[in-house]
Amino acid sequence: MLEPMKQMSTISLDGRSLAALLQEEERHYLSHLLNAHQLPKPKLCVILIGDLAASLTYVNTKKVACEKVGIEAEILHLEGQCSQKQVIETLQKLNKDPLVHGILVQLPLPPGMDTATILDTIDPLKDVDGLHCMNAGRLVLGDTRAMIPCTPKGIVRMLQHYKIETTGKHVAIIGRSSIVGRPLSILMSHQAWKGNSTVSLLHSKSENIQEMTQQADIVVAAAGRQKMVNSSYIKPGAVVIDVGIHRLADGSLCGDVDTASLQGIAAAFSPVPGGVGPMTVAMVVENVLTAWARHYKAREPK
Ligand code: NAP
């Protein structure tokens, strides 16, 4: 008689607990430095344009996370009809303010605004989203002065925490956006960022996506397509990172991955909610602390 196949136990990569742990370390780091030196508190300014419900939620989450750690966080809420010139002038003021250490413009911007022009107006040293062209360039070059975009940075931190080996591994990333897929592909492949993986960066024009992902040791789903990735996309034992966020009609959230179908097949997956989302927020906090520490030439958070 044939023995029944042993099912793999699939673990959930708990981004929420890890983010809470990091937040606690960030709080200690900051209070230690503030006690030891006469330094102004770090301050983040978030520019929110318009009333997109998801954006309102995201900026509030970032504000609360910063405040928990001891960072002052201010949301500058501009009307959806404001002009690009107004946004640029607001950014220029914040750039000059020595007591503002981090600046973030919540995306997406209203139609008609040029995202690159606006992001490139931010002082690259205060660019805590890491989306200024200088930070993007430094990331590509492996220059450690780069401010690294928060979602890819959070994913790498999560893989490191769970001791998921990336060196020599094949990582398939579905989605090539400038805030997720592309910077992640650089972090994962670059020697300087210690990724050392072989990366397949897939997108809407890629052919045979499933064939590519089936060969990967780590699959990152960042296409913005609800439950697109299921067990047919992965090989047994793969690690699956779900970046997508989708609000369902009943108010609950789901990602780009059909996680139920991965049970017993994947080695691990990141859940939605509670996976990459909280890690992104933890990295916003960390980047504000990094910008602040660099400004005062203090020890940087690790
Ligand atoms: P985006 O700018 O819309 O980019 C989506 C990418 O996926 C594009 O490169 C697109 O290809 C590719 N794509 C779309 N459909 C595809 C398909 N069927 N097959 C293969 N590739 C496909 O989205 P994003 O900003 O990167 O965000 C992606 C998802 O992550 C969204 O659900 C977003 O809400 C979520 N997100 C979550 C966090 C977090 O903290 N958890 C942070 C950021 C974003 P083309 O380039 O060819 O168009």
Side-chain angles (χ1 to χ4, degrees), residues 12-16 18-19 22-23 46 52-66 104-109 111 113 115-116 119 128-131 136 139 148-159 171-188 199-214 216 219-230 232-234 240-248 252-259 269-287:
S12 175
L13 306 172
D14 184 354
R16 190 172 286 137
L18 176 54
L22 294 175
Q23 236 169 24
V46 180
L52 212 61
S55 293
L56 278 166
T57 308
Y58 293 146
V59 297
N60 280 318
T61 307
K62 291 168 192 172
K63 180 174 163 41
V64 169
C66 282
L104 190 158
V105 178
Q106 184 64 40
L107 300 178
L109 297 175
M113 287 201 189
T115 304
L119 294 178
V128 292
D129 258 347
L131 299 175
L139 179 77
I148 299 172
C150 302
T151 302
K153 189 177 181 184
I155 293 170
V156 169
R157 195 60 66 79
M158 183 186 250
L159 294 171
V171 180
I173 303 169
I174 314 174
R176 58 177 166 182
S177 74
S178 312
I179 61 166
V180 185
R182 192 171 301 280
L184 182 64
S185 72
I186 295 160
L187 287 174
M188 296 303 279
V199 175
S200 299
L201 186 56
L202 307 164
H203 47 79
S204 67
K205 309 285 186 292
S206 297
E207 292 179 0
N208 310 322
I209 289 189
Q210 269 169 277
E211 276 173 35
M212 302 294 284
T213 56
Q214 279 164 1
V219 176
V220 181
R225 298 275 178 262
Q226 202 175 305
K227 296 193 180 183
M228 168 184 166
V229 172
N230 55 36
S232 69
Y233 278 70
I234 65 158
V240 182
I241 304 294
D242 192 353
V243 183
I245 306 177
H246 309 277
R247 174 86 50 196
L248 302 176
S252 64
L253 293 178
C254 82
D256 280 10
V257 178
D258 175 5
T259 42
F269 68 87
S270 69
V272 175
V276 173
M279 290 304 295
T280 298
V281 176
M283 294 303 109
V284 172
V285 173
E286 190 177 283
N287 279 355

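The analysis underlying the following values was restricted to heavy atoms, covering all of them including side chains, and did not include hydrogens, waters or symmetry mates. Counting starts at 1 for both ligands and their atoms, in listed order.
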Nearest-contact summary for atom 44 (C) of ligand 1 - protein heavy atom, Å: Val180 CG2, 3.9 Å

Worked verdict on Ile173 versus Leu202 for side-chain contact (heavy atoms from CB on, under 4.5 Å): CA-CA 6 Å; Ile173 303 169; Leu202 307 164; over 6 Å; no

Closest protein heavy atom (residue, atom, distance) for atom 37 (C) of ligand 1: Val243 O, 3.0 Å

Contacting atoms of ligand 1, where contact means under 4.0 angstrom from a heavy atom of Ala222: 5 (C), 6 (C), 7 (O), 28 (C)

Option whose closest heavy atom lies nearest to atom 20 (C) of ligand 1, chosen from Arg247, His246, His203: His203

Close-contact set for ligand 1 against Gly244 heavy atoms, below 4.0 Å: 29 (C), 30 (O), 32 (O), 35 (C)

Ile209 neighbourhood, listing ligand 1 atoms whose heavy-atom distance to it stays under 4.0 Å: 19 (N), 20 (C)

Straight-line distance of Asn208 CG to Gln210 CD, nearest 0.5 Å: 9.5 Å

Residue and atom name of the nearest protein heavy atom (relative to atom 10 (C) of ligand 1), distance in Å to one decimal: Ser204 N, 4.2 Å

For atom 1 (P) of ligand 1, the protein heavy atom that lies nearest, with its residue and separation: Ser177 CB, 4.1 Å

Criterion side-chain contact (heavy atoms from CB on, under 4.5 Å) on Ser177 and Arg182, from CA distance to verdict: CA-CA 6 Å; Ser177 74; Arg182 192 171 301 280; over 6 Å; no

Pro271 and Thr259, any side-chain heavy atoms less than 4.5 Å apart: no

Atom 48 (O) of ligand 1 within contact range, any protein heavy atom under 4.0 Å: yes

Distance from atom 31 (C) of ligand 1 to nearest protein heavy atom, with residue and atom: Gly224 CA, 3.7 Å

contact_flag Gly277 ligand 1 heavy-atom lt 4.0 Å: yes

Steps toward side-chain contact (heavy atoms from CB on, under 4.5 Å) verdict (Ser206, Met212): CA-CA 10 Å; Ser206 297; Met212 302 294 284; over 6 Å; no

Validation row: Cys150, Asn287 side chains within 4.5 angstrom (heavy atoms): yes

Check: Lys205 N/O within less than 3.5 Å of ligand 1 N/O: no

Identity and distance of the protein heavy atom lying nearest atom 12 (C) of ligand 1: Gly175 CA, 3.9 Å

Flag side-chain contact, heavy atom, 4.5 Å: Asp129 against Val105: no

Ligand-residue contact atoms, ligand 1 with Met228, heavy atoms, under 4.0 Å: 17 (C), 18 (N), 19 (N)

Identity and distance of the protein heavy atom lying nearest atom 13 (N) of ligand 1: Ala223 CB, 3.8 Å

Contact check, Met279 vs ligand 1, heavy-atom distance below 4.0 Å: no

Proximity winner for atom 34 (O) of ligand 1, if only heavy atoms of Ile245, Thr280, Thr151 are counted: Ile245

Flag side-chain contact, heavy atom, 4.5 Å: Leu22 against Met279: yes

Close-contact set for ligand 1 against Val276 heavy atoms, below 4.0 Å: 41 (N)

Distance-only donor-acceptor check, side chains Ser12 and Asp14, under 3.5 Å: no

Location of contacts on Ile174 toward ligand 1, heavy atoms closer than 4.0 Å: side chain

Val281/Tyr58 under side-chain contact (heavy atoms from CB on, under 4.5 Å): CA gap, chis, key distance, verdict: CA-CA 9 Å; Val281 176; Tyr58 293 146; over 6 Å; no

Any Leu248 side-chain heavy atom under 4.5 Å of Cys254 side chain: yes

Leu253 and His246, any side-chain heavy atoms less than 4.5 Å apart: no

Heavy atom of Gly181, distance to ligand 1 below 4.0 Å: no

Short side-chain to backbone donor-acceptor contact, Asp242 and Val257, under 3.5 Å: yes

Nearest-contact summary for atom 46 (O) of ligand 1 - protein heavy atom, Å: Arg176 NE, 2.7 Å

